[in-house]
Amino acid sequence: MVSAPFLVSAPGKVILFGEHAVVYGKPAIAAAVSLRTFLLTTRNAAEFSDVVTLEFPDVDLQYSWKIQSLPWNAVPKRSIDTVRPPSELNTALMEALERGLVAHLSPLQRSAAVAFLYLYLCLCSADMPGMTLSVRSTLPIGAGLGSSASVSVCLAAALCLLSGEVSPPEKKGEGDGDFNAANYASIELIDAWAFLGERCIHGNPSGIDNAVASHGGAVMYQRMSKGNPNVREAMRNFPPLKLILIDSRQPRRTAVQVANVATLLQNYPLVTEPILNGIGALTSQAYKLLLMPKGKCDDAWEEQLRELVRVNHGLLVALGVSHPKLEAIRMAADELEIGETKLTGAGGGGCAITLVRRDVEESRIFELKQRLDGHGFEVYETSLGGFGVGCLFPTNSNAAEWEEWEEKLFSLHHMLGLGDREDIQKTVGVGSIDGWEFW
Ligand SMILES: Nc1ncnc2c1ncn2[C@@H]1O[C@H](COP(=O)(O)OP(=O)(O)O)[C@@H](O)[C@H]1O
Ligand SMILES: C[C@@](O)(CCOP(=O)(O)O)CC(=O)O
Ligand SMILES: [Mg+2]
């Protein structure tokens with residue numbers, strides 16, 4: 001059990017191949033991005049010791065609940081011989097939460113508040129001291145980069161730390177290499193709780209986003225049915241890919257896009273199933289290509305990967321999850337012969353990725369960026385495959401620094417615009433402050 005204050009952080013992700021089909025048990029490939037969510041947990045002052053406060057400035061939500069008034073009676077009893085939470089939400093608890101606690105909030109705010117309350121009630125207890133949990137993300141929200149999963153992972157990590165379900169990361173010993181069994185078990189637990197947070201936000205998530213946000217790196221992921229463990233293959237030697245990440249800035253909710261595909265599947269199973277199978281098959285092909293030793297990643301290899309990107313996008317269009325703005329991005333990249341483009345994440349708006357040909361001159365990439373900018377789209381610079389969930393506790397040596405970036409991240413949020421994302425990230429980012437530890 002740890003005491004506040006402390007920070008946790010988790011990354012967003014880019015799905016390279018296989019979104020939507022992954023919900024139906026097909027493989028998908030995704031990698032962590034350098035844009036991240038940060039969650040600060042602080043102890044409330046004495047006069048607020050009986051409330052738990054949520055500050056979600058990115059979605060304009062600040063709310064306090066009296067801890068004693070929360071529906072503790074509806075919390076399902078945990079089985080003593082299983083450490084991991086069940087993968088289904090408890091209906092009685094969901095009903096108790098949605099009945100009155102969050103009814104007045106917008107859908108954007110409500111799903112995040114429900115995810116918090118669900119995890120808080122399951123992991124904490126009515127006698128916990130009053131806390132404030134403040135979340136701030138450098139990820140665009142509802143844009144396909146897994147902001148919901150990075151928030152869910154941060155909530156799960158903070159609440160697991162507070163309740164003692166997980167301990168802070170152990171320092172890796174000599175001979176451990178990258179692996180430490182206790183840390184691995186902690187990530188698995190955080191991932192499993194975050195999946196329930198994702199369920200509150202999405203309805204039917206595959207689990208790939210929370211897997212990447214908690215473990216980091218790049219993975220091939222496949223959801224298994226009938227209680228079989230999901231496949232999560234870490235892809236360690238992921239080749240450096242030249243990708244451009246473009247946000248159409250068309251808002252959409254993953255829950256709606258996933259539900260639309262479910263309806264299509266229900267109405268036209270004979271048409272939709274082959275599309276999902278096709279996406280699964282092309283992802284398996286891409287997986288083999290991405291595992292090739294560096295020496296074999298020649299022009300033909302690159303050409304095949306790009307083809308798979310194009311086919312993947314075409315099949316997503318067939319599922320009905322593209323958007324005219326995503327098509328405008330794809331057309332601009334096609335016209336300039338820069339590479340192949342696909343939407344990433346749930347689509348219906350949000351982001352696209354272009355896999356750039358290695359031989360393209362920088363001037364053409366510059367022109368693409370200018371055109372996209374002219375349409376009001378935002379181009380992100382991000383690197384793939386970074387750290388997963390981590391935490392930071394203030395120490396004497398970083399106390400002054402702590403105040404500086406705490407202020408920057410959480411107090412000035414209303415003044416910060418989109419352009420300041422990188423600035424925030426530089427100030428508080430993993431890698432720029434000593435002391436971040438990863439499980
Ligand atoms: N910074 C944030 N603060 C609070 N809630 C957030 C934040 N980022 C994401 N969320 C939650 O996640 C939802 C968006 O998730 P989703 O529709 O899956 O899009 P994506 O995961 O692609 O960004 C929001 O409606 C909100 O509930
Ligand atoms: C569409 C889907 O495959 C990815 C959704 O990602 P995002 O929420 O749009 O970042 C759904 C899922 O895998 O849970
Ligand atoms: Mg999401």
Side-chain angles (χ1 to χ4, degrees), residues 9-30 32-33 35-39 54-63 102 105-117 133-155 194-195 197-213 219 221-223 230 247-248 250-262 276 279-280 283 312 316 319 321 343-353 409-410 413 416 421 424:
S9 171
K13 59 87 229 255
V14 166
I15 298 185
L16 297 160
F17 296 98
E19 48 276 270
H20 285 290
V22 67
V23 174
Y24 299 95
K26 318 296 174 207
I29 296 170
V33 293
L35 300 168
R36 301 180 69 94
T37 297
F38 299 86
L39 188 163
L54 200 55
E55 290 183 343
F56 280 170
D58 296 331
V59 294
D60 266 330
L61 175 65
Q62 167 153 18
Y63 208 80
V102 294
L105 304 176
S106 74
L108 198 85
Q109 299 168 330
R110 194 184 316 139
S111 50
V114 169
F116 162 69
L117 287 171
L133 285 90
S134 312
V135 171
R136 179 79 166 102
S137 189
T138 59
L139 285 153
I141 298 171
L145 300 185
S147 72
S148 60
S150 67
V151 169
S152 298
V153 168
C154 284
L155 288 171
F195 179 70
E198 274 282 84
R199 267 207 188 284
C200 295
I201 299 175
H202 278 197
N204 184 17
S206 65
I208 188 170
D209 288 10
N210 46 284
V212 175
V219 296
Y221 177 93
Q222 192 165 8
R223 180 185 202 181
N230 300 324
D247 186 358
S248 67
Q250 175 64 36
R252 91 294 175 279
R253 283 175 55 222
T254 299
V256 174
Q257 300 303 316
V258 170
N260 288 348
V261 174
L276 297 171
I279 294 178
T283 302
N312 196 164
L316 288 165
L319 289 179
V321 296
L343 68 86
T344 185
C351 289
I353 47 173
L409 183 60
F410 297 102
H413 49 78
L416 293 171
R421 278 208 175 97
I424 299 175

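For ligands, and for the atoms within them, numbers begin at 1 and follow the listed sequence. Owing to the predicted nature of the structure, the values given are computational and were not obtained by experimental measurement. Just the heavy atoms: all of them, side chains too, but no hydrogens, waters or symmetry mates, feed the values below.
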Heteroatom count (protein N, O or S) under 2.8 Å of the Mg ion (ligand 3):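 Counting protein N, O and S atoms closer than 2.8 Å to the Mg ion (ligand 3) gives 2.
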So is there a nitrogen or oxygen of Asp209 less than 3.5 Å from a nitrogen or oxygen in ligand 2? yes
Backbone or side-chain N or O of Gly144 under 3.5 Å from ligand 1 N or O: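 Looking only at distances, the answer is yes, because the N/O contact criterion of under 3.5 Å is met.
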With nothing but distance in play, are any N or O atoms of Ser148 less than 3.5 Å from an N or O of ligand 2?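 Looking only at distances, the answer is no, because the N/O contact criterion of under 3.5 Å is not met.
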Distance-only N or O hit between ligand 1 and Ala255, under 3.5 Å: no
For atom 8 (O) of ligand 2, grab the closest protein heavy atom and report residue, atom and distance to one decimal in Å.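 Of the protein heavy atoms, Thr254 OG1, 2.7 Å lies nearest.
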Tell me: protein heavy atom nearest atom 2 (C) of ligand 2, and distance?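 Looking at atom 2 (C) of ligand 2, the protein heavy atom closest to it is His20 N, 4.0 Å.
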Can you list the atoms of ligand 2 that are under 4.0 Å from a heavy atom of Lys13? 6 (O), 7 (P), 10 (O)
Looking at ligand 1, does any of its N/O atoms fall within less than 3.5 Å of an N/O of Ser137?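 No; the residue has no nitrogen or oxygen that sits under 3.5 Å from a nitrogen or oxygen of the ligand.
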Which of the numbered atoms in ligand 2 are below 4.0 angstrom from a heavy atom of Ile208? 13 (O)
I need the atoms of ligand 2 closer than 4.0 Å to a non-hydrogen atom of Val22, numbered in the order shown. 3 (O), 13 (O)
Would you call Ile15 a ligand 2 contact, heavy-atom distance under 4.0 Å? yes
Using non-hydrogen atoms of the residue, decide whether Val59 is closer than 4.0 angstrom to ligand 1. yes
Of the listed options (Glu19, Gln257, Arg252), which comes nearest to atom 9 (O) of ligand 2 when hydrogens are ignored and any heavy atom counts? Arg252
Would one find an N or O of Ala112, backbone or side chain, under 3.5 Å from an N or O of ligand 1?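 Yes: some nitrogen or oxygen of Ala112 is under 3.5 Å from one in ligand 1.
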In the protein, what heavy atom is nearest to atom 12 (C) of ligand 2, and what distance, to one decimal place, separates them?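 Closest protein heavy atom to atom 12 (C) of ligand 2: Ser206 OG, 3.4 Å.
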Is any N or O atom of Arg253, backbone or side chain, closer than 3.5 Å to an N or O atom of ligand 1?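 So ligand 1 has no N or O lying under 3.5 Å from an N or O of Arg253.
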Heavy atom of the protein closest to atom 11 (C) of ligand 2 (residue, atom name, distance): Val23 CG2, 3.8 Å
Proximal ligand 2 atoms for Gly146, defined as those under 4.0 Å from one of its heavy atoms: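 The atoms of ligand 2 under 4.0 Å from a heavy atom of Gly146 are 10 (O).
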Passing option when His20 is tested against Val258, Ile279, Ile15 for side chain to side chain contact (heavy atoms under 4.5 Å, CB included): Val258
If we only count N/O pairs under 3.5 Å, is Val151 in contact with ligand 1? no
I'd like to know if Arg223 contacts ligand 2, where contact means a heavy-atom distance under 4.0 Å to any ligand atom. no
To check you understand the geometry: which heavy-atom pair defines the closest contact between Pro57 and Val135, and what is its length? CD-O, 3.2 Å
Can you list the ligand 2 atoms lying under 4.0 Å from a non-hydrogen atom of His202? 8 (O), 14 (O)
